[in-house]
There are 2 protein chains.
Amino acid sequence: MKTHLDKKVFAEALALLERVVPSKSHNPLLTYLSLALETSPAASLGDEPQKAPRLVLAGTNEEVSLRLFIGLNAFASQGEHQEASPVHVLVPAAPLAQVVRSLPGDEVLLEVGKEGLGLASGAFQTRLALADPEGFPELFVPEARLHLKALDLLKALVHVRYAASNEEYRGIFRGIQLELGQSLRAVATDGYRLALYDLEGGLAWATSLGEPQAAPIRLVVPARAVDEMVRLLKAAGPEDEVALGFSVASSPGGSQGGTISLALAPAGKPWRAEMTVQLMEGSFPDYERVIPKEWALEVEVEAEVLKESLRRVGALASRENHRLDLLFEDGRLTLNAEGDYGKGREEVPLRTKGVAMSLSFNARYLLDALGPVEGVALLRFSGAQAPAAVSAKGDQEGGYLAVVVPLRV
Amino acid sequence: MKTHLDKKVFAEALALLERVVPSKSHNPLLTYLSLALETSPAASLGDEPQKAPRLVLAGTNEEVSLRLFIGLNAFASQGEHQEASPVHVLVPAAPLAQVVRSLPGDEVLLEVGKEGLGLASGAFQTRLALADPEGFPELFVPEARLHLKALDLLKALVHVRYAASNEEYRGIFRGIQLELGQSLRAVATDGYRLALYDLEGGLAWATSLGEPQAAPIRLVVPARAVDEMVRLLKAAGPEDEVALGFSVASSPGGSQGGTISLALAPAGKPWRAEMTVQLMEGSFPDYERVIPKEWALEVEVEAEVLKESLRRVGALASRENHRLDLLFEDGRLTLNAEGDYGKGREEVPLRTKGVAMSLSFNARYLLDALGPVEGVALLRFSGAQAPAAVSAKGDQEGGYLAVVVPLRV
């Protein structure tokens, strides 16, 4: 097999795969990339049957799998890639990516032979040793169940990612729940704070598979895998759609597992991607009951002004619990912190509606909650021991909502 | 004591000190900054006696000490800093720097009282707890012995820094030797490669202390401390001079210790700095005898072309010794590498004078040696087992010279 490939396209594809493929693994095969040349590819998820030959690159770390399809018609020289039998080999991922990034020319000549994978560009030639594809994990991609704007899914994920726990042994708190029903909601919580994002508008379910009739389908995606989904979705343009598939494995104990998949063919990119992620098992907490229904105090403030003030006063807070005392009075917030090194105090003018209230928060949690809010923030409180809500003004119906539990003092 | 200070000036000074002051230490006092207000300062190194009050900030990690002098005449309100007795306190360094960076206003009101260090800016007020300055290390600054352009010293240090060892337990190889005689030379080596830089032109020794008559004075500065010297020198403009002082403590065994100091008052900065560094003990190797005097092959090549080729082929080299085989023939270099994952090969056209030669090198060492060379590089070889020299063409008389030992194969 012999084919030409645009160097930039190849390097971009390898950079995406490098994120997923581990540099070390208990299974050394996982440090390899699967490289296949398909001359008459089978129809695949979200993909129209096509005749043109394509290069298929795939890698996996067992939790996240990524497959990239690169059409060769635009790049390969006529005839060179016409082979009787399809080619499928494993190539060491890290050296391949490193070499391709530093190639001198604009084009790469790829050649698979008995002696390995040959790469030539300009005056440079290399030959990488291959491994037998036997034993490399099969990448399972469930059929697409619904389509949505790629940037909508991206927005939902990045709004809530921060609230998931990054600590080991936190179980289900290390996941982000996607609720798929008439619309989409993403939720994350680490038990002390929560973030949710409701997508505006409904979801376009595939008619053949149908929209869930009763409760929405709940899928818990590991936060680290969400980071890879985010990275992939960032390649999308405003009009690109992502095809979402999933398969849920329920067990009698109520614990779920299964997979979720994204298929994306960005309009501006010469590749198409399929990502499959192993879902977490276990039930996400019943978070809705902790969100108060009534509020005793509502506050409007420029988000940026409050963030800066939280940073300043928070710098003096205790390093253990980052405690910040907030006193809301008519048209005014006073922030106080006292830590090992001294005291900080500041006043911020703002608009209040309701009773005066004194509360304590972890300064970092409030900052995180305000993170995605631009413009005017709406803060709602129902008491010194009750969870408080942070959202963007005018965004109450759907969109972003953060809930932060005050510190007990 | 009460004084006003420009926020940006204060933040810049603290950022310089933060690099030196440890965040944790066996001696907790070292995590503090010494802050003093001097109303009629004593004359100090490289400093004309002055009447205006000034703020003196100092920090140390026992190896590197830094003292910054900030004149207050331009910033302080009249009369406010007129105190009968000078003020001297210790302030926790990390919270102070963090708070000052995030202050809302352009000016800071500093106030030292019984309750601590007060900082006020805009609607923000804080009070940092103080520690007793007793027990804080005295900062010793030797008298200036010579003056040179700050950017010349910077250039000498950054040209050779890479060749010093970063590994623990490598003893004297973790230092950079400064040789001070009629001119200045900086040298570093880790035993496998060496870099030296000779300053153009002579040194201006202070007449009172005098230029060394016989051999140059040799001072070995820890590489980590050189990094801090570099950071400080980067604040200098093209006309700024640095005053260099040192005190050498010889012992009968030939092992030296002592201190070196830099004093710098950048024209564009509102502060003046004094840095003192503890020198290393022990003798630097007699490196001059390993540099060949005659060459069998001289090569000229565009440095950037060779660097890129070394990176590409080097990516395929063994991860253990990064071995690269070089074959110089008439007008041509062929690079070959073979590692765990495959082989790489490339040809580079260049100008050769002398015999054909085949040698092996650690690719990273060659890349490091070429690092500071821009334009045309001159490579000289005297045999497959003899050290090779890398320099910039037309720079042979002084300037930069790197020596790399070939791999034994």
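Quick note on labels: first sequence line is chain A, next is B, and so on, each numbered from 1. Atoms considered below: every heavy atom in the structure, side chains included; atoms not considered: hydrogens, waters and symmetry mates. Keep in mind the model is a prediction, meaning the values are calculated, not measured.
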Over 12 foreign heavy atoms within 6.0 Å of NZ, A:K7: yes
Side chain to side chain donor-acceptor pair (under 3.5 Å) partners of A:R332, counting only residues at least two apart: A:E329
Within 6.0 Å of CD in B:E300, more than 12 heavy atoms from elsewhere: yes
Engaged part of B:A337 at the chain A interface, taking heavy atoms whose separation is under 4.5 Å: neither
Side-chain heavy-atom pair A:S121, B:E346 within 4.5 angstrom cut-off: no
Heavy-atom side-chain proximity of A:T126 to B:V313 below 4.5 angstrom: no
Approximate separation, where rounding is to 0.5 Å, of A:Q125 CD and B:R345 CZ: 6.5 Å
Point-to-point distance, once rounded to the nearest 0.5 Å, from CZ of A:R312 to CG of B:L103: 7.0 Å
B:E374 atom CD: more than 12 heavy-atom contacts under 6.0 Å: no
Selection from A:A131, A:G339, A:G344, A:P104 maximising heavy-atom pairs under 4.5 Å formed with chain B: A:P104
Residues, nucleotides or ligands: over 12 heavy atoms within 6.0 Å of B:R364 CZ: no
Proximal component of B:V91, with respect to chain A [non-hydrogen, under 4.5 Å]: neither
Separation between CG of A:D340 and CG of B:L128, rounded to the nearest 0.5 Å: 11.5 Å
Approximate separation, where rounding is to 0.5 Å, of B:Q98 CD and A:Y341 OH: 11.0 Å
